[in-house]
Every structure is written in structure tokens, then in C-alpha cells.
Chemist: 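Here you go, one structure.
Just so it is clear: chains get the letters A, B, ... in the order the sequence lines come, proteins before strands, and each one is counted from 1.
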2 protein chains.
Amino acid sequence: MRQDASPRQGQRDTASVTLQDIAAHAGVSRSTVSLVLRESPLVAERTRLKVQRSIKALGYVYNRGAAALRGSRTSTLGVVVYDIANPFFGAMVAGIDAALNREGYVSFLANSEDSPARQQRFLERMREHRVDGILLCPAEGTDPTLIDTLDGWGMPCVQVLRHVGEPPFDYAGADFHQGVCQAMDHLVALGHRRIAFLGGHSEHSATRERWQGYRESLERHRLTYQRLLRSTVTRRDGVAMIQQLMAESPAPSAVVCHNDLVAFGAMLGLKHLGRVPGVDCAVIGTDDVEEATLGDPALTSVATHPHAIGEEAARLALRRIATPEGAREQVVLAPRLQVRDSCGATRPPSGATELNPAAGEHA
Amino acid sequence: MRQDASPRQGQRDTASVTLQDIAAHAGVSRSTVSLVLRESPLVAERTRLKVQRSIKALGYVYNRGAAALRGSRTSTLGVVVYDIANPFFGAMVAGIDAALNREGYVSFLANSEDSPARQQRFLERMREHRVDGILLCPAEGTDPTLIDTLDGWGMPCVQVLRHVGEPPFDYAGADFHQGVCQAMDHLVALGHRRIAFLGGHSEHSATRERWQGYRESLERHRLTYQRLLRSTVTRRDGVAMIQQLMAESPAPSAVVCHNDLVAFGAMLGLKHLGRVPGVDCAVIGTDDVEEATLGDPALTSVATHPHAIGEEAARLALRRIATPEGAREQVVLAPRLQVRDSCGATRPPSGATELNPAAGEHA
DNA sequence: GCTAGTTTTTAGACCAATCCAAAAACGCCA
DNA sequence: TGGCGTTTTTGGATTGGTCTAAAAACTAGC
């Protein structure tokens with residue numbers, strides 16, 4: 001495809017046009033060209049136009065590496081998630097990307113797979129690239145001092161979804177505590193008395209918050225049945241946990257799940273046992289991923305708005321970069337219980353299910 | 001958190017330790033330190049250890065911007081996808097990330113949302129950052145000359161999943177043509193004669209390949225019923241299309257879908273109509289995302305192995321970077337029909353469904 | 001026409017690495 | 001001890017921008 005020895009170029013070696021060349025072509029100094037590139041108001045209109053014409057004519061390409069060397073900003077961010085294959089994170093990253101894009105920022109992405117070591121390597125790498133800041137969904141088992149370390153580096157860091165270390169720190173996430181309470185209240189209102197909670201380690205905040213919501217709800221409603229199963233948070237775990245629970249006596253009449261993946265697994269597990277989710281045992285998930293409307297029955301879930309969280313996190317990061325010493329902020333979005341058919345629906349499980357995120361009515 | 005005026009540092013201003021400082025501390029020259037950093041075999045063992053000790057002692061941070069200025073490589077890649085919220089891309093990005101991580105590469109990610117303009121902006125930005133190469137899932141409506149433009153830039157580019165422009169180019173994807181044929185053959189073997197195909201625009205290769213597979217299969221099996229519906233490829237489209245089809249006479253007895261999202265939508269639409277997917281109308285998807293095992297019935301789908309495609313694409317890119325003038329390569333992974341219960345299963349739709357990706361048996 | 005004040009432009013140092021070619025150090029043997 | 005071939009080390013040029021402070025070019029007022 002590419003002819004060897006005679007690379008096709010509009011004009012000379014396209015990779016080597018520098019500020020100096022533009023300056024010569026336009027009959028001004030290097031400094032002036034630099035000012036034009038950065039849209040400085042110092043430059044006179046006529047000069048600006050002249051320089052811009054030269055830039056076009058020579059096919060100049062701005063060299064961000066060189067600019068970063070002397071300047072203070074790279075317009076670059078590092079983003080760490082622990083499971084990009086989870087559609088929840090997909091939506092969140094889309095939100096981050098949209099917000100950053102609007103501000104002329106661009107981001108590195110790493111998938112830590114919940115490995116603190118891998119996360120650490122990436123963060124060090126980001127430091128070498130002189131990114132302006134980090135968006136971090138800390139991997140499970142992250143050393144809480146990591147936040148202090150980043151602070152010591154002078155690296156702005158916004159934690160997302162989970163947080164480690166001591167406040168004050170920048171954080172964007174959902175109110176998981178409240179989310180679980182909403183789910184519990186709903187189930188209690190439907191008459192459930194034996195409600196279990198499925199999934200999570202205690203290593204990080206997002207899990208602790210959920211568990212606390214569970215325990216507080218039990219107390220508030222004076223429920224004596226208490227069953228909290230720890231696990232990683234995949235479909236497979238959901239299947240295993242529900243099977244374990246249904247074999248017990250008494251079995252729960254409802255389960256609230258750490259996330260939608262676990263809830264999907266729980267529903268699947270119930271089917272394996274010949275039980276009908278939503279009839280024999282109510283199931284509520286957390287996240288409200290798009291897939292929640294699928295399945296039979298459609299999953300009732302606590303919506304945590306990943307796209308909005310992503311945008312919010314990006315906004316926070318940009319604000320911190322602009323004012324490094326400003327007060328730390330925590331943005332905690334309110335969740336919303338999205339009622340569908342997996343928690344004792346009035347309609348038959350195989351009946352019509354809505355596609356739009358509009359809550360179904362329940363008696 | 002961060003004390004103003006007295007930033008906490010282990011030793012001096014941590015951000016300003018340079019090669020020069022290391023050289024002075026270790027009693028060698030700047031050049032030698034540089035060689036040590038790049039793990040050059042030229043350096044004597046004793047010197048290497050001495051320098052490494054100084055690097056640790058002073059808390060040195062490598063400056064990749066500076067290195068990129070003089071050197072030829074940045075160990076950096078740009079990745080463009082068009083819908084990161086789609087779990088298929090999530091898995092693919094995870095594959096890319098894993099493969100790059102192993103080779104010490106790190107990547108920028110952009111979500112084009114199928115906007116060629118946004119894609120273009122990102123690519124130009126990547127050029128300014130001097131990335132070593134691009135992994136591109138071209139946005140719908142991408143001008144085919146884009147590939148020539150990138151080539152003109154001297155920028156290695158591997159297209160993924162879709163491709164535009166004329167071969168030879170580097171490409172990693174799945175054999176969508178063969179995938180559709182497998183699905184069609186399976187349906188015909190089950191006795192279906194009226195099979196429709198749902199979804200896709202004709203703008204890019206991946207859709208054309210699917211359609212061609214559909215039409216060829218019709219011919220090969222001498223089927224006269226032909227119904228191919230164009231659309232974007234979301235759940236919503238699946239619902240709409242299946243409802244339109246079922247209102248026709250004759251209605252299809254089976255549908256093959258552009259991707260799993262459309263297939264999920266189709267199953268949902270059938271339920272809306274009071275029909276049972278897999279009984280009243282067989283449904284086959286493409287991608288085999290993890291969610292395919294959910295739902296009722298579990299979705300039969302053509303597995304296209306996104307994680308593997310991602311790894312393969314990354315591998316191709318690294319190879320091209322190493323040998324810019326080598327022959328272009330196209331890696332096309334064979335798809336595999338993952339038979340479950342949505343296409344005329346022998347078991348009852350509400351019965352046990354498997355979680356593991358092991359094919360269900362059919363009479 | 002001269003001066004003071006404002007607007008534009010510029011020279012030259014600087015950022016932190018890599019590259020190249022040449023110099024220094026080393027080892028070995030006559 | 002000198003000479004020769006390796007192995008290591010090094011100085012200085014180079015990369016392509018930004019920054020700062022000062023110079024130059026205008027403008028208006030007297």
C-alpha cells in the first residue's frame with residue numbers, strides 16, 4: 001500500500017514541519033506562531049490569519065509531547081476501571097468520554113481486573129506521561145494509602161463508585177446505602193419478611209454502604225431474618241448463592257443483590273431449581289443496566305445512572321485540575337428504584353414487559 | 001488535605017528530579033543513566049546497580065514526553081470504538097487492554113458514537129500525541145479515504161470488526177458471512193423455510209458480509225421467502241422489526257439478527273405479542289455476549305469472541321509498528337454457533353438453561 | 001514632533017530526554 | 001610494557017515547543 005522509498009506527501013516530510021518552518025513561511029517569529037496556536041488574544045488579527053494560512057499550507061502538526069515538556073498541562077487524563085466488560089462500566093466510560101471530549105481532553109483507559117498491582121503499574125505510567133489527573137475506580141484490595149501517595153505526587157485524583165482512604169477526597173458515585181433501603185422498603189411493603197442480601201466483599205466502600213443499608217433496614221422494620229452472603233459479583237456467584245439459600249430452611253422470600261449481574265444469576269438459579277423468580281422468590285438488583293428489561297421476568301433494580309456518574313466524575317476532575325487547592329467535593333447521586341416484575345409483580349411473569357425505563361405499577 | 005505552601009515530599013520537589021540529578025548522584029553521565037533506564041545491555045552490571053540505587057534514592061520519575069521528543073516511539077496507542085456501552089465492545093476493549101499491557105503499551109480510548117466527525121477529531125489528536133498506532137472500529141459513514149489519509153500520515157492502523165477502504169489493510173474481525181450461514185443452516189436443518197434477517201445499515205463491511213451470508217444461504221437452500229429489514233442495531237429496533245414482521249402474512253418462522261441486542265429486542269417483542277420465542281418463532285443472535293445465557297429462553301447466538309478479536313487486533317498493531325512496511329494482514333476469526341433454546345429447543349422454554357458456554361443438544 | 005501609554009512581536013533561555021560519534025577504560029597476549 | 005580489540009562511558013548536538021522579559025510598533029495627547 002505504502003510505496004517504499006517514496007512516501008507520498010503533500011509537501012516534504014509531513015512529520016517534520018515545525019514552528020520554525022511556519023514562522024519562516026509567514027515571516028514572523030516562532031513565539032508568535034506559538035501564540036496563534038494557543039489562541040492567545042495578544043496576537044493581532046492580521047497576523048493571526050497570515051499564520052493560520054501558513055499552518056494550513058505547510059500541513060503542520062502540533063507536537064503535544066514537546067508542548068508538555070515546557071508547559072504545565074497535557075489535556076490528558078488517566079481512567080482506571082476494574083471491569084470494562086461489565087455494561088455498567090461501559091456506560092460510565094461513555095459518560096466520562098462525552099464530558100471530557102467537550103472540554104478538549106482525551107483519556108488513557110486501563111482495565112485493572114481488580115488487581116491492585118496492575119492498577120499501580122498503570123498509575124505510575126500515567127505519572128510518567130504527566131497526565132493532568134486520574135479517575136479511579138479502585139481495585140478491590142487497594143491500599144488506602146494509595147490516595148495519599150497520589151496526593152504526594154501532586155496528582156489530582158477523583159475516586160469513582162468506590163472510595164478508599166480518609167476524607168476529604170474527590171468522589172463521584174451513587175448513594176448505595178439509600179438504594180438498598182429503597183429496595184428493602186419496597187419488599188417490606190409487598191409483605192416480605194425474610195429478605196437476604198447477596199454479594200460483595202467488604203474491602204471497599206460501595207459494599208460496606210450496601211451492607212449497612214441492609215442491616216439498618218432490617219432493624220428499622222424489626223425483621224429478625226438476616227442472611228448476608230459474601231462473594232465476588234458475577235452471574236455465577238448469583239446462581240451459587242441462590243441455590244445455597246433455597247436449600248436452607250427457612251428459605252428467604254426475597255433477595256436484594258449487589259448488582260444486576262448477581263441478580264441475573266439469582267434468577268437463573270431459581271429457574272434451575274424449577275422456581276419462578278418474582279413468584280417463588282422476589283429478586284431485586286442494583287445498577288439497572290439496560291439488560292434489566294430483558295429476561296423473564298424483567299428485573300426490578302436500583303438505578304444508579306452510570307452515564308451521569310461518569311460525566312460528574314469528569315467534571316469534578318477538570319475542576320480540581322483548574323483549582324488544585326480547592327475544597328474536595330463528593331458528588332453522590334440519588335438512586336431510583338426501577339420497579340419491574342421480578343419482585344412480586346401483579347402481572348404474569350411471561351406477560352408484557354416494558355422496554356422504556358418507566359416504572360411499572362404495583363398494587 | 002494537601003497543605004498549601006508546604007507540599008509534603010519525601011525528598012525535595014519530587015517533580016523536578018531529572019536524569020542530570022541521577023547522573024550527579026551516581027557519579028556517571030546523563031547518557032549512561034539513560035541507557036540504564038532503557039535496559040541497554042551496553043551498561044556494566046556494577047554501573048547499572050549503582051545508577052538504579054540513585055534512581056530509587058532520589059525518587060526519579062521518567063518523563064515520557066521528553067523521551068518521545070527525541071526518540072521514535074511513545075509506547076502509546078489510540079483505540080476508537082463506536083459504542084463502548086455495548087458489552088460486546090467492553091469485552092473487546094478488555095482483550096485489547098490485556099494484550100497491550102503485556103507489551104508495556106498503554107492506550108487512549110475514544111467512543112465515537114458512530115460520529116465520523118468526532119472520530120476524525122480524535123484521530124488528529126492522536127497524531128498530535130504521536131501515538132505509535134491506531135486501532136479503529138470505523139464509525140458508520142466513515143469516508144473510505146480515511147485509511148489512505150492515515151497511511152499518508154505514516155500512522156499504522158488496524159481496523160477492527162468493520163473495515164472501509166481498499167485492501168490491503170490490517171484488519172481483525174470475525175467471519176460474519178460464515179456466522180450467518182451457520183445460523184441459517186441450523187435453522188433449515190430444524191425445518192424452517194421462512195427465515196428473515198433483522199438489522200444493519202449497508203454502510204460498512206460487517207453488515208454487507210452478514211447480508212451476503214443471508215442471501216447466499218437462501219439460494220443454497222432454495223428458499224423463496226426473503227425478508228431483510230434494515231435498521232440501526234438496538235434492542236428497540238429488534239422490538240419494532242419483529243412486531244412488523246409478525247403482522248405480515250406469511251410471517252417468518254425464524255429470524256436471524258444482526259447482533260444480540262437486536263435478538264433480545266426481538267424476543268421481547270414476541271412476548272409483547274403473546275408469542276413464545278423459540279416456539280412461535282425461532283430467534284438467533286450474533287455476538288454471544290454473556291447476557292445471551294440469560295433470558296427465557298436462553299438465546300442461541302453466533303459467538304464472535306470479542307475478547308479474542310481485541311487481543312488479535314492489538315497483536316497486529318504491535319507487529320505493524322515493529323515492521324511498518326511488512327505485508328498487511330487480515331485476521332478473521334471463525335465464529336461458532338452457540339445453540340441454546342431460542343431456536344426450537346427440545347426442552348421447555350422455562351426449563352433449565354445452562355450457564356456455561358456449552359452447547360445444548362437438539363434432536 | 002515629542003512623549004507617554006498601549007498593543008504586538010521577538011530573542012533567547014529552558015524543559016528533559018535521546019542519539020551519535022568519539023573517547024576512555026579494560027582485558028589479553030606477545 | 002606496548003599494542004590491539006572489546007567493552008563502557010561520555011560530551012555535545014538535537015528534538016519542538018513554551019516562557020519571560022524586553023524590544024518594537026503603534027496610538028493618542030499636547
Chemist: Identify, between Val43(B) and Ala68(A), the residue whose nearest nucleotide on DNA chain D lies closer to the 5' end.
Modeler: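 It is Val43(B), whose closest nucleotide lies nearer the 5' terminus.
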
Chemist: Return the nearest nucleotide to the side chain of Arg70(B); candidates are dT18(D), dT9(C), dA17(C).
Modeler: dA17(C)

Chemist: Starting at CD1 of Ile55(A) and ending at P of dG17(D), how long is that distance when rounded to a whole Å?
Modeler: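 Value for this atom pair: 10 Å.
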
Chemist: Taking only the side-chain nitrogens and oxygens of Thr47(B), find out if one of them lies under 4.0 Å from OP1 or OP2 of dT9(D).
Modeler: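 So the side-chain polar atoms of Thr47(B) do come within 4.0 Å of the phosphate oxygens OP1 or OP2 of dT9(D), strictly under.
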
Chemist: In terms of side-chain heavy atoms of Tyr60(B), which of dG17(D), dA17(C), dA16(C) is nearest?
Modeler: dA17(C)

Chemist: Could Arg102(B) and Glu311(B) be called an ion pair, given the rule that one side-chain N must be under 4.0 Å from one carboxylate O?
Modeler: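 Glu311(B) and Arg102(B): salt-bridged.
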
Chemist: Ignoring backbone atoms, establish whether Ser29(B) has a side-chain N or O less than 4.0 Å from OP1 or OP2 of dT10(D).
Modeler: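 Yes, Ser29(B) has a side-chain N/O under 4.0 Å of OP1/OP2 on dT10(D).
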
Chemist: Compare all side-chain heavy atoms of Leu77(A) with those of Ile321(A) and state whether any distance is below 4.5 angstrom.
Modeler: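 They are in contact (side-chain heavy atoms under 4.5 Å apart), so the answer is yes.
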
Chemist: State which residue, out of Met126(B), Arg73(B), Arg125(B), fulfils the side-chain contact (heavy atoms from CB on, under 4.5 Å) condition with Val131(B).
Modeler: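 With Val131(B) as partner, Met126(B), Arg73(B), Arg125(B) yield a single side-chain contact (heavy atoms from CB on, under 4.5 Å), made by Met126(B).
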
Chemist: Between dT18(D), dT10(D), dG12(C), which nucleotide has the shortest distance from any of its atoms to the side chain of Ser34(A)?
Modeler: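 Of the candidates, dT18(D) comes closest.
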
Chemist: Using whole Å, what does the distance between atom P of nucleotide dG17(D) and atom CD of Glu128(B) come to?
Modeler: 10 Å

Chemist: Whole Å only: how far is the CG atom of Leu58(A) from the P atom of dG16(D)?
Modeler: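 Between P of dG16(D) and CG of Leu58(A): 14 Å.
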
Chemist: Whether the side chain of Thr18(B) and the base of dA17(C) hold a donor-acceptor pair under 3.5 Å is what I'd like checked.
Modeler: no

Chemist: Using a strict cut-off of less than 4.0 Å between a Lys/Arg side-chain nitrogen and an Asp/Glu carboxylate oxygen, indicate whether Glu124(B) and Arg121(B) qualify as a salt bridge.
Modeler: no

Chemist: Check the distance between dA17(C)'s C1' and His129(A)'s NE2 and give it to me in whole angstrom.
Modeler: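 So the NE2-C1' distance, His129(A) to dA17(C), works out to 14 Å.
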
Chemist: Let me know the distance between CG of Leu35(B) and P of dT8(D), rounded to the nearest Å.
Modeler: 12 Å

Chemist: What nucleotide among dT18(D), dC15(C), dT9(C) has an atom nearest to a side-chain atom of Leu69(A)?
Modeler: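 Within the option list, the nearest is dC15(C).
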
Chemist: Which nucleotide sits closest to the side chain of Leu19(B): dG17(D), dA17(C), dT10(D)?
Modeler: dA17(C)

Chemist: Rounded to whole Å, how long is the line connecting atom CZ of Arg130(B) with atom C1' of dA17(C)?
Modeler: 16 Å

Chemist: Tell me the interatomic distance from Asp21(B), atom CG, to dC15(C), atom P, rounded to whole angstroms.
Modeler: 11 Å

Chemist: At less than 3.5 Å, do the side-chain atoms of Arg30(A) and the base atoms of dT18(D) form a donor-acceptor pair?
Modeler: yes

Chemist: Does dT10(C) have OP1 or OP2 sitting under 4.0 Å from an N or O in the side chain of Thr32(A)?
Modeler: yes

Chemist: To the nearest Å, give me how far apart CD (Gln20(B)) and P (dT10(D)) are.
Modeler: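 After rounding, the gap between these two atoms is 12 Å.
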
Chemist: Taking the minimum atom-to-atom distance to the side chain of Leu42(B), which one of dG11(D), dA11(C), dT8(D) wins?
Modeler: dT8(D)

Chemist: Taking the six-membered ring for Trp, are Phe169(A) and His163(A) parallel (under 30°), tilted (30 to 60°) or perpendicular (over 60°)?
Modeler: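 Tilted: the ring planes of Phe169(A) and His163(A) meet at 30° to 60°.
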
Chemist: Which one, dA17(C), dT10(C), dG11(D), comes nearest to the side chain of Asn63(B)?
Modeler: dA17(C)

Chemist: Any side-chain heavy atom of Thr76(A) sitting closer than 4.5 Å to one from His129(A)?
Modeler: no

Chemist: Where the side chain of Arg38(A) is concerned, which of dA16(C), dC19(D), dT9(D) is the nearest nucleotide?
Modeler: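 That would be dC19(D).
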
